[in-house]
Structure formats: C-alpha cells, structure tokens
2 protein chains.
Amino acid sequence: MQLEQTDSTAFVQATLKVLGGKWKLLILWHLKDTAKRYGELKRLIPEISEKMLIQQLRELETDGIIYRETLSEMPPKVQYGFTDYGRTLIPILKPLCDWGQEHLKRMKVNGQNNTNSKS
Amino acid sequence: MQLEQTDSTAFVQATLKVLGGKWKLLILWHLKDTAKRYGELKRLIPEISEKMLIQQLRELETDGIIYRETLSEMPPKVQYGFTDYGRTLIPILKPLCDWGQEHLKRMKVNGQNNTNSKS
DNA sequence: CTGAATCCTTGATGATACTG
DNA sequence: CAGTATCATCAAGGATTCAG
C-alpha cells in the first residue's frame with residue numbers, strides 16, 4: 001500500500017496506523033499502568049468482540065508497542081504489557097485522553113451546539 | 001449508535017471522532033501555524049480528494065476545532081484556521097506528530113522486524 | 001482460558017463530473 | 001475558487017462458531 005511514501009503524509013499514516021484502531025487507545029489506556037491478562041482486558045472492555053481484541057493486540061504487538069508473554073501452558077495464561085518502546089507513547093497518551101475527557105464534557109454542555117469562538 | 005455512553009470508552013470514542021479521520025491530523029498539522037485557504041490545503045495534500053477535504057474540514061468545524069471564514073464572495077475565498085478551543089489540541093498534536101516521525105524512522109531501520117524488547 | 005477462522009454489514013474513503 | 005452530488009469501492013469492525 002504505502003511504498004516509499006516519505007512525503008508529509010507518511011508520519012501521519014504511521015501514527016494513525018498505530019493508534020487509529022477503534023480500541024487501541026482504550027487498550028493502551030488499560031495497560032499503561034499494569035500489564036494485564038487477556039481475560040482482564042476482555043472484562044474491562046465488554047463491548048469489544050474477541051476477534052477485535054486479539055486483532056488489535058496483535059497489531060500493537062507487531063508495531064512493538066506491547067509485548068505478549070505466555071505465563072503457563074495449561075491453563076493458558078497470557079499477559080500483555082507495554083514494551084520499553086511502547087512506553088514512549090505514554091507521555092502522549094495521557095494528554096490525549098485528558099483532552100478527550102474535557103472534550104466530552106464540552107459536548108455534553110453544549111449539546112450539539114458549537115460556540116464558534118474564533119481567534 | 002452511542003446513546004448515553006458515559007462509560008470508560010466514551011472519551012476514547014470522542015477523541016477518535018475528532019482526530020481519527022484519515023486526513024484530520026494532517027489538515028490540523030498544516031493549519032497549526034497559519035490559517036490557510038481551501039486551495040492551499042488542496043495543494044498541500046494532493047492525495048486527498050475534494051470530497052474528503054471538504055468533509056473532514058466540515059467535521060473539524062462542527063467539532064469546534066477549526067473555523068471557516070468566507071473572505072469574499074466573488075471570487076470565493078475561504079479561510080480555515082484553528083479556533084481558540086482547537087488550539088488546546090496543539091500541545092497534543094506536536095508530540096503526537098513527533099512520535100510519528102520517530103516511529104517512521106524506526107520502521108525504516110527495522111524493516112518489518114520488531115525487536116521485542118520487553119520491560 | 002486464550003485464541004483462530006469464517007462470514008457479513010457498514011461506515012469511511014475515493015473517483016468523477018457538475019455548479020455558483 | 002470553492003465547493004456539491006453521485007456512484008463505486010473497500011477495509012474495518014462485528015457476530016458467530018470452532019479449537020488447543
């Protein structure tokens with residue numbers, strides 16, 4: 001798809017590929033403090049389907065953001081957590097989610113209205 | 001779809017709705033320093049179709065992130081720029097895009113390999 | 001418990017032509 | 001110049017079922 005795309009869009013594509021998934025921010029949010037097992041994540045995010053959970057975890061793993069550790073074979077226990085590289089995202093994750101919270105409040109207050117306060 | 005979703009996923013949904021579009025980060029990136037006209041944006045992002053450009057601009061406008069100012073009627077001149085509220089995003093935008101740049105470098109170096117350096 | 005495989009629906013995206 | 005409108009596409013997401 002993106003071959004030698006070193007233009008101005010490349011880094012945006014890259015960022016979006018890592019964080020753009022519908023559930024990735026949420027997954028990372030849950031993992032940012034403590035590593036968690038598959039079942040825990042599933043319980044923490046009830047709305048997500050198993051397929052999507054696995055899929056997004058895999059992608060995050062492929063991107064080097066999180067690791068996957070098999071704790072024992074029988075019964076299966078798998079733990080997911082941030083890699084060192086993934087942790088470089090946390091300083092970004094925090095303000096991003098904070099902003100989301102504030103934005104949510106604002107939407108609730110204004111309803112669908114937007115006070116177009118220009119510069 | 002999301003009715004009274006005040007659970008933990010709400011703020012993620014909100015964030016993704018604002019920034020999740022394929023081109024929004026890029027558009028905001030171009031607008032973050034100086035307001036720009038429609039044609040300038042189109043020229044700066046040649047890959048985007050007119051429909052998507054308008055659409056994403058409209059959504060950002062609806063979300064109160066950017067404003068739209070009609071400068072004259074004939075010939076049409078329309079300028080887009082950050083609102084005061086939108087500017088609250090800039091401190092987030094910067095590190096996010098910086099991270100994207102770094103991530104891009106990393107991908108180029110490692111190819112498709114990921115050095116799974118765990119905690 | 002953790003995960004793989006399949007099928008299906010939908011929203012997001014794109015290409016193109018047209019308009020004030 | 002700055003859009004609109006329409007049609008086509010396509011990948012993401014979701015439901016379900018099966019497996020180690």
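Chain letters run A, B, ... following the sequence lines, proteins first, then strands; residues in each count from 1.
Residue A:K22 places no side-chain atom within donor-acceptor reach of the base of D:dG13, judged by atom type and a 3.5 Å distance cut-off alone. In the interface, the side chain of A:K77 is not paired with the base of C:dT2 through any donor and acceptor atom under 3.5 Å apart.
In the displayed structure, A:K32 atom NZ is contacted under 6.0 Å by more than 12 heavy atoms of other residues, nucleotides or ligands.
Although no hydrogens or angles enter the test, the distance criterion places no donor-acceptor pair under 3.5 Å between the side chain of B:E102 and the main chain of B:W99. The backbone N or O of B:E69 sits nowhere less than 3.5 Å from a side-chain atom of B:K77 that would complete a donor-acceptor pair.
Using a 4.0 Å heavy-atom criterion, one finds that A:R43 contacts no nucleic acid atom at all. Residue contacts shown for B:Q56 are limited to sugar-phosphate atoms, with no base heavy atom under 4.0 Å away.
Relative to the six-membered ring of A:Y80, A:R37 misses at least one condition, a distance below 6.0 Å or an angle of at most 45° to the axis.
A:R68 has a side-chain polar atom (N or O) that falls below the 4.0 Å cut-off from OP1 or OP2 of C:dG3. Distances shorter than 4.0 Å separate none of the side-chain N or O atoms of B:Y38 from OP1 or OP2 on D:dT4. Under 4.0 angstrom from either OP1 or OP2 of C:dT2 there lies at least one side-chain N or O belonging to A:R37. Proximity of A:R58 to the phosphate of C:dA4: a side-chain N or O atom is located under 4.0 Å from OP1 or OP2.
Between the P atom of C:dG11 and the NZ atom of B:K17 lies a distance of 12 Å, rounded to the nearest Å. What separates NZ of A:K51 from C1' of D:dG14 is a distance of 7 Å, to the nearest Å.
Of the residues near DNA chain C, B:Q55 and B:E50, the one whose nearest nucleotide (by heavy atom distance) lies more toward the 5' end is B:Q55.
Closest to the side chain of B:P76, from the set D:dC1, C:dG14, D:dG3, is D:dC1.
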